[in-house]
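All values below were derived from every heavy atom in this structure, side-chain atoms included, with hydrogens, water molecules and symmetry-related copies excluded. A note on names: the letters A, B, ... follow the listed sequences, proteins ahead of strands, and every chain is numbered from 1. Just so it is clear, the model here is predicted, and its values are computed rather than measured.
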Amino acid sequence: MLDPKYLRTDLEEAAARLATRNYTLDVETLKSLENRRKELQIRTQDLQAKRNAVSKSIGEAKKKGEDVSAIMASVGELGKELDEIKAQQDAVLAEIEKIALTVPNLPDQSVPVGKDDTFNVEVRRWGTPREFDFPVKDHVALGEGIKTANAGPQLDFDKARDITGARFVVMKSQIARLHRALAQFMLDVHTQEHGYTECYVPYLVNSKTLQGTGQLPKFEEDLFHTNLDGTCELDGQTKRYSLIPTAEVPLTNLVANTVLDPKDLPIKITAHTPCFRSEAGSAGRDTRGLIRMHQFDKVEMVQIVEPGKSWEALESLVHDAEDILQKLGLPYRVITLSTGDMGFSSAKTYDLEVWIPAQNTYREISSCSNCLDFQARRMQARVKVAKGKNELVHTLNGSGLAVGRTLVAVMENYQQADGSITVPDVLVPYMNGLTSIR
RNA sequence: GGAUGGGUGGCUGAGCGGUUGAAAGCACCGGUCUUGAAAACCGGCGGGGCGCAAGCCCUCCUGAGUUCGAAUCUCAGCCCAUCCGCCA
């Protein structure tokens with residue numbers, strides 16, 4: 001959520017900045033709601049003050065044994081009026097809240113302005129894509145060509161289709177192990193070299209949690225939801241669990257509704273989890289292979305930092321992600337997403353794109369975002385900066401990395417003419433010494 | 001799933017329906033004392049909203065209700081603890 005104070009005082013500016021990310025802020029509606037809110041709040045508070053004063057005097061009079069029937073009669077109407085106005089105020093407040101929860105974060109001033117991904121800006125490149133002296137295969141062809149002992153493909157999309165449906169995969173044998181090795185390797189690097197604390201988190205979360213990081217209420221259809229005793233509405237909260245679309249959700253919400261001690265910051269945490277996305281609206285895109293799955297593994301990094309320290313934290317986060325790619329020897333580039341291409345909660349996002357030989361292009365493998373206080377405000381995550389002075393923390397998240405896509409990159413970049421895959425040096429220990437998958 | 005007991009400020013923990021936003025202790029902050037520190041003593045110390053401010057309002061798990069007035073009473077829900085049952 002944006003700072004309601006800012007939204008009140010600089011509504012026009014907010015609208016202009018949000019427009020750069022293709023979001024139209026309903027200025028007129030907000031203005032009139034705000035005016036109404038103010039008017040109603042003044043009236044309720046006035047009535048409440050009156051009621052409090054009278055009630056107090058009743059108490060005092062009663063204590064002295066005086067007759068209070070006259071005073072009590074005088075406040076009879078007050079309660080009724082208060083109830084009415086309070087109800088109106090609650091309705092207006094609820095309406096404002098409803099809008100506020102669907103307004104995306106403001107893009108930082110340093111973010112390139114543009115309506116879509118064509119306005120993204122390349123920041124730097126690392127590594128040189130390898131020259132192949134044979135026709136390159138994509139990871140699907142490679143994975144289906146490498147067989148298990150009983151001749152089944154090690155990358156099996158057909159079985160997954162039978163078991164579940166499209167956009168799922170079954171991995172077997174050494175490919176499955178390579179996939180696991182990648183995740184282990186990433187976790188080890190982040191915990192042992194980058195200072196993150198490893199976490200194991202729930203894969204099913206409640207609605208409040210999803211609201212905290214910004215997935216709800218706006219992106220309902222992007223998620224998979226469970227159906228706990230039917231879905232019942234309970235004080236505005238849908239009672240059900242949903243599968244996490246990223247570990248950012250449980251990790252970031254670890255600090256929801258807390259007041260942190262500055263000396264405990266920054267908090268750097270990481271987790272390897274499966275991620276579940278409905279991919280609503282991406283029908284037909286990346287239908288071949290592992291690039292876009294309903295279920296995929298990811299190692300996620302989250303940082304909780306003091307306000308004012310998040311920009312340096314964003315740079316460190318990107319470097320932590322880049323380090324994995326460098327250790328794996330995978331060529332990549334760093335992109336600054338334009339205003340129109342950023343996620344809902346982000347003020348600035350760097351994407352890491354890894355070289356995919358079969359597509360002759362770079363594809364997203366990590367997304368690192370600074371959310372500033374946007375998520376913290378939704379979660380009520382604060383830090384005690386001075387005595388009695390609490391400020392919202394800043395939250396950042398980044399993939400470190402998407403494991404499935406890293407597997408794709410390793411398979412394709414390390415393929416040999418005979419269809420085998422050389423195991424990157426850093427992964428050999430995780431593969432029990434195996435140097436080649438064939 | 002069944003039974004019982006609970007949810008109060010950073011923590012522990014009081015709180016007859018009426019100056020209780022909340023005793024007390026710990027922690028924390030400021031001061032006195034001290035060469036310095038500790039101890040002792042004095043003072044301060046939850047969160048949020050509106051407002052330039054004074055101040056006013058909200059907030060004792062959440063929501064609804066009773067009442068002139070609710071942390072205190074009623075109902076529902078959520079969560080926690082313990083015991084029983086079931087179970088990876």
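Annotation for Lys159(A): atom NZ does not count as buried by contact number, only 12 or fewer foreign heavy atoms lying within 6.0 Å. Atom CG of Asp425(A) is surrounded by 12 or fewer heavy atoms from other residues, nucleotides or ligands within 6.0 Å.
Distance check on atom P: rG47(B) versus rC11(B) gives 12 Å, rounded to whole Å. The P atoms of rG30(B) and rG51(B) are separated by 32 Å, rounded to the nearest whole Å. Taking the P atom of each, rG48(B) and rG10(B) are spaced 10 Å apart, rounded to whole Å. The separation of rA39(B) from rC28(B), taken at their P atoms, amounts to 9 Å, rounded to a whole angstrom. Taking atom C1' in both rG49(B) and rG21(B), the straight-line distance is 16 Å, to the nearest Å. rG13(B) and rG6(B): their C1' atoms are spaced 14 Å apart (whole Å). As rounded to the nearest Å, rA3(B) and rU72(B) have C1' atoms that lie 27 Å from one another. Across the C1' atoms, rA22(B) and rU59(B) are found 12 Å apart, a figure rounded to whole Å.
Closest to the side chain of Arg382(A), out of rC57(B), rG48(B), rC68(B), is rG48(B). Minimum atom distance to the side chain of Ser55(A) is reached by rG69(B), of the listed rG69(B), rC57(B), rG48(B).
With a 3.5 Å ceiling on both atom-pair distances, rC16(B) lacks any Watson-Crick or G-U wobble partner. Pair check for rC56(B) finds rG49(B); Watson-Crick or G-U wobble, both atom distances under 3.5 Å. In a base pair of the Watson-Crick type (N1 to N3 plus N6-O4 or O6-N4) or a G-U wobble (N1-O2 and O6-N3), with each distance short of 3.5 Å, rG63(B) is matched with rC75(B). Using the Watson-Crick or G-U wobble rule with both distances under 3.5 Å, rA40(B) pairs with rU32(B). Pair assignment for rG5(B) gives rC80(B), based on Watson-Crick or G-U wobble hydrogen-bonding distances that are each under 3.5 Å. If you check rG69(B) for Watson-Crick or wobble pairing at under 3.5 angstrom, you find it has no partner at all.
In terms of position on RNA chain B, the residue among Ile58(A) and Asp90(A) whose nearest nucleotide sits closer to the 5' end is Asp90(A). Nearer the 5' end of RNA chain B, as judged by each residue's closest nucleotide, is the contact made by Ile42(A), out of Ala49(A) and Ile42(A).
Atom C1' of nucleotide rG49(B) and atom CG of Asn390(A) are separated by 15 Å, given to the nearest angstrom. In this structure, CG of Asp46(A) is placed 18 Å from P of rG55(B), rounded to the nearest angstrom. Whole-Å rounding puts the Leu40(A) CG to rG49(B) C1' distance at 15 Å. Per the geometry, CG belonging to Asn257(A) stands 12 Å off P belonging to rG10(B), to the nearest Å. One interatomic measurement links the two molecules: CD of Glu391(A) to P of rG48(B), which rounds to 10 Å at whole-angstrom precision. Going from atom CD1 of Ile96(A) over to atom C1' of rG49(B) covers 12 Å, rounded to whole Å. Taking atom CG on Asp83(A) and atom P on rC68(B), their separation rounds to 11 Å, with Å as the unit. The nearest whole Å value for the distance from the CG atom in Leu82(A) to the P atom in rG65(B) is 12 Å.
Arg51(A) has a side-chain polar atom (N or O) that falls below the 4.0 Å cut-off from OP1 or OP2 of rC58(B). Regarding contacts with the backbone of rG51(B), a side-chain N or O of Lys38(A) is found under 4.0 angstrom from either OP1 or OP2. At least one side-chain nitrogen or oxygen of Asn52(A) sits closer than 4.0 Å to the OP1 or OP2 atom of rC57(B).
Partner of Thr395(A) under the side chain to side chain donor-acceptor pair (under 3.5 Å) criterion, out of Gln375(A), Arg378(A), Gln303(A): Gln375(A) alone.
Here the side chain of Gln154(A) pairs a donor or acceptor atom with the backbone of Lys147(A) at under 3.5 angstrom.
Backbone-only contact: Lys5(A) has heavy atoms under 4.0 Å from sugar-phosphate atoms and none from a base. Contacts of Arg43(A) with the nucleic acid, taken as non-hydrogen atoms under 4.0 Å apart, are absent.
The aromatic rings of His194(A) and His190(A) sit tilted relative to each other, their planes meeting at an angle between 30° and 60°.
Taking the six-membered ring for Trp and the full ring otherwise, Phe374(A) and Phe344(A) have centroids separated by under 6.0 Å.
We find that Glu12(A) and Lys31(A) are joined by a salt bridge, their nearest charged nitrogen and carboxylate oxygen being less than 4.0 Å apart.
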